[in-house]
Enquirer: 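I have a structure I would like to understand better, so I am pasting it below and will then ask my questions one at a time.
Here is the naming used below: chain letters follow the sequence lines, and residue numbers restart at 1 for every chain. Here the structure is a predicted model, which is why all the values come from computation and not from measurement.
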Number of protein chains: 2
Amino acid sequence: PEWEVVDGERLQRSFAFRDFAGALAFVNLVGELAERRNHHPDISFGWGKATVTLTSHDAGGLTERDLALAEEIDHLPT
Amino acid sequence: PEWEVVDGERLQRSFAFRDFAGALAFVNLVGELAERRNHHPDISFGWGKATVTLTSHDAGGLTERDLALAEEIDHLPT
């Protein structure tokens with residue numbers, strides 16, 4: 001599945017993994033990108049799955065920063 | 001906030017942190033406990049916050065394994 005716009009203000013994508021450790025490893029990679037850009041998503045994960053939600057709280061919606069981070073996340077290994 | 005029972009079948013607790021990195025560090029500690037017990041929660045987190053949800057999917061509800069993991073999580077640094 002690709003990124004979806006939710007409620008017109010959030011960008012969300014789900015990812016599948018082999019197990020819990022695979023999901024957690026991905027979550028840590030997303031965390032590294034987030035810290036580097038100082039732009040922090042909400043992340044939900046569990047056994048074999050993770051969902052990343054991006055928005056720009058200070059702008060009250062989506063901005064270029066969300067799109068840029070989404071594109072970087074798309075290049076992570078899953 | 002302490003653990004709450006949700007829908008009679010899940011145990012859920014939210015935790016607060018100083019920032020995104022603090023939440024991610026906690027999430028990794030929970031992940032280590034989960035792997036050691038081979039019992040895996042669902043985790044949601046973002047800037048300054050994390051929520052852990054425990055259930056025993058194979059049993060269709062809460063079991064001793066959830067209570068034991070909850071107690072271990074309570075001893076993690078936050």
Enquirer: Do Val5(A) and Leu54(A) share a hydrophobic cluster (ILVMFWY, side-chain heavy atoms under 4.5 Å, transitive)?
Expert: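 Yes, one cluster joins them.
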Enquirer: What option among Ala21(B), Ser44(B), Ala50(B) has the most heavy-atom pairs under 4.5 Å with chain A?
Expert: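 Among Ala21(B), Ser44(B), Ala50(B), the one with the most close pairs to chain A is Ser44(B).
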Enquirer: Where does Ala34(B) contact chain A at under 4.5 Å (heavy atoms): side chain, backbone, both or neither?
Expert: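 Contact with chain A involves the side chain of Ala34(B) alone.
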Enquirer: Rounded to the nearest 0.5 Å, how far apart are NE2 of His39(A) and CH2 of Trp47(B)?
Expert: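 With rounding to 0.5 Å, NE2 (His39(A)) is 12.0 Å from CH2 (Trp47(B)).
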Enquirer: Using the rule that Ile, Leu, Val, Met, Phe, Trp and Tyr join whenever any side-chain heavy atoms are under 4.5 Å apart, tell me whether Leu67(A) and Trp3(A) fall into a single cluster.
Expert: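 Shared cluster, yes.
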Enquirer: Based on non-hydrogen pairs under 4.5 Å, which of Asn28(A), Ile43(A), Thr51(A) is most in contact with chain B?
Expert: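 Winner by heavy-atom pair count: Ile43(A).
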Enquirer: Where does the angle between the aromatic ring planes of Phe45(A) and Phe45(B) fall among parallel (under 30°), tilted (30 to 60°) and perpendicular (over 60°)?
Expert: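 Aromatic pair Phe45(A)/Phe45(B) classed perpendicular.
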Enquirer: Do Asp19(A) and His40(B) have side chains that get closer than 4.5 Å, going by heavy atoms?
Expert: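 Sidechains of His40(B) and Asp19(A): no contact.
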Enquirer: Is it the backbone or the side chain of Leu24(B) that comes under 4.5 Å from a heavy atom of chain A, or both, or neither?
Expert: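 For Leu24(B), side-chain heavy atoms alone lie under 4.5 Å from chain A.
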Enquirer: Answer with yes or no whether the hydrophobic clustering places Leu76(B) together with Phe20(A); edges join I, L, V, M, F, W, Y residues whose side-chain heavy atoms lie under 4.5 Å apart.
Expert: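 Same cluster.
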